[in-house]
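Following: one structure in structure tokens, then a few remarks.
Letters A, B, ... mirror the listed sequences (proteins, then strands); counts begin at 1.
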There are 2 protein chains.
Amino acid sequence: MVEQLPISTPLDLVFHALADPTRRAMLHALSNGERTVGELAEPFAMSLAGASKHVKALESAGLIRREVKGRQHLCRLDAARLADAAQWLSFYERFWTERLNVLDALLRQEDVQSDTQGDQR
Amino acid sequence: MVEQLPISTPLDLVFHALADPTRRAMLHALSNGERTVGELAEPFAMSLAGASKHVKALESAGLIRREVKGRQHLCRLDAARLADAAQWLSFYERFWTERLNVLDALLRQEDVQSDTQGDQR
DNA sequence: GCAACACTCAACCAATCGGTTGACAATCTA
DNA sequence: TAGATTGTCAACCGATTGGTTGAGTGTTGC
């Protein structure tokens, strides 16, 4: 059977948006409150139009919302899609906690061995 | 001040790898145990070489490890980088729980109002 | 030994990405 | 009203992506 994948899911857009360090930095800036497009662009060695494209990518991924206020566009974080991404990742949580548990168990076992028999290696 | 971003971080590679539904499906397959490249490729309407490229992308993002066993390449999940991505996302957790808390508070307030005064709208 | 198998690699292709510049639209302010 | 400010849009560019095919490399089993 051949798996039929959808053309482009919201999760595709979210992860793709997060794959760019400029956009991740913009999200981080927005974690401190609303910012205009100009303010979001300012830290980067990039034209305003270039930064505007990144903002648009974040917006169409649903990661930010924009409110046009006069000639300024005020952007604010919308974390719902981030929550979706986190939920997708949480499915795999058992795989890394599992590893940590194994490591923990090994360390404990070593402790017991050194307590009762000393380190024999 | 102009922000200086690194050329390509591990997080870039991880999020980029996760942005493709084929690769996410491959990871899901690997959550059920080791798979060969051929087994990973089988569900998709795609050449083996094409699927092999996806496996390579997952590998260079550090999401899977490969053990060459004769003519087969056995792949298994490596969740450490996924944990990194989850940790990056967890910074924003307060933004979605915050919203849920506000919603929760609003609902509780409505409950109290209907209890003490009836629904006045 | 040889054919089938499992897979990678290189070359190619169209589409997308991340960036630019220049023109434009809307808004604010002097 | 004129000019500065804020931002988008369209066109363009080179690099990358996701896919293909064809050839090549080991490995396995008859």
Side-chain angles (χ1 to χ4, degrees), chain A residues 2-27 29-30 34-61 63-76, chain B residues 2-27 29-30 34-61 63-76:
Chain A
V2 170
E3 193 144 339
Q4 201 57 281
L5 292 173
I7 310 296
S8 182
T9 72
L11 215 45
D12 293 2
L13 291 175
V14 169
F15 280 131
H16 174 250
L18 297 183
D20 187 284
T22 300
R23 291 191 288 260
R24 288 202 305 277
M26 285 178 167
L27 284 184
L30 288 172
E34 296 188 338
R35 294 287 185 274
T36 68
V37 171
E39 287 168 348
L40 286 175
E42 190 269 338
F44 305 104
M46 185 186 305
S47 67
L48 179 62
S52 170
K53 278 193 181 182
H54 283 298
V55 172
K56 198 177 173 185
L58 289 168
E59 191 183 18
S60 44
L63 293 172
I64 70 177
R65 294 177 161 285
R66 157 189 337 225
E67 183 187 356
V68 179
K69 224 162 190 169
R71 58 184 168 185
Q72 308 196 97
H73 294 204
L74 266 180
C75 303
R76 64 173 183 282
Chain B
V2 170
E3 193 144 340
Q4 201 57 282
L5 293 172
I7 310 295
S8 183
T9 71
L11 215 46
D12 293 3
L13 291 175
V14 169
F15 280 132
H16 174 251
L18 296 183
D20 186 286
T22 301
R23 291 192 287 262
R24 288 202 305 277
M26 284 178 166
L27 284 184
L30 289 172
E34 295 188 338
R35 295 285 184 277
T36 67
V37 172
E39 287 168 346
L40 286 175
E42 190 270 337
F44 304 103
M46 187 186 302
S47 68
L48 178 62
S52 170
K53 277 193 180 182
H54 282 297
V55 172
K56 197 178 175 186
L58 289 168
E59 191 183 18
S60 45
L63 293 173
I64 69 176
R65 295 177 162 286
R66 149 186 348 222
E67 184 187 356
V68 179
K69 224 162 191 171
R71 59 184 167 183
Q72 307 195 100
H73 294 205
L74 266 179
C75 302
R76 65 172 182 282

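- By the salt bridge (charged side-chain N to carboxylate O under 4.0 Å, His left out) test, A:Glu59 is found to be paired with A:Arg66, residues two or more places apart in sequence or in another chain being considered.
- Distance, A:Lys69 NZ to C:dC28 P: 12 Å, rounded to whole Å.
- A:Cys75 is listed as a side-chain neighbour of A:Leu30, based on a closest heavy-atom distance under 4.5 Å.
- When rounded to the nearest whole Å, the span between CG of A:Leu58 and P of C:dG18 equals 11 Å.
- The residue A:Gly50 sits close to a base: some heavy atom pair falls under 4.0 Å.
- If you measure from atom CG of B:Leu18 to atom C1' of D:dT17, you get 16 Å, rounded to the nearest angstrom.
- Contact annotation: the side chain of B:Lys69 never approaches that of B:Thr36 to less than 4.5 Å [non-hydrogen atoms, C-beta and beyond].
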Grab the N/O contacts between the protein and nucleotides 7-16 of chain D below 3.5 Å, and write none if there aren't any.
unit_1: D:dG7; atom_1: OP1; unit_2: A:Val37; atom_2: N; d: 3.3
unit_1: D:dG7; atom_1: OP1; unit_2: A:His73; atom_2: N; d: 3.3
unit_1: D:dG7; atom_1: OP2; unit_2: A:Gly38; atom_2: N; d: 2.8
unit_1: D:dG7; atom_1: O3'; unit_2: A:His73; atom_2: ND1; d: 3.3
unit_1: D:dT8; atom_1: OP1; unit_2: A:Arg66; atom_2: NH1; d: 2.1
unit_1: D:dT8; atom_1: OP2; unit_2: A:Ser52; atom_2: OG; d: 2.2

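- Distance alone, capped at 3.5 Å, places no donor-acceptor pair between the B:Arg65 side chain and the B:Arg76 backbone.
- Looking at A:Arg35 and A:Met26, their side chains never come closer than 4.5 Å, going by heavy atoms from C-beta outward.
- For B:Glu67 and C:dC7, the CD to P distance is 13 Å, given to the nearest whole Å.
- Atom-to-atom, CD of B:Glu42 to P of C:dC7 comes out at 12 Å; the value is rounded to the nearest Å.
- For A:His54, the side chain to side chain donor-acceptor pair (under 3.5 Å) partners two or more places apart in sequence, or in a different chain, are A:Arg23.
- Atom CG in A:Leu13 sits about 14 Å away from atom C1' in C:dC17, given to the nearest Å.
- Phosphate proximity of C:dT20 to A:Ser47: present, with a side-chain N or O under 4.0 Å from OP1 or OP2.
- In this structure, B:Met46 places its CE atom 15 Å from C1' of D:dT21, rounding to the nearest Å.
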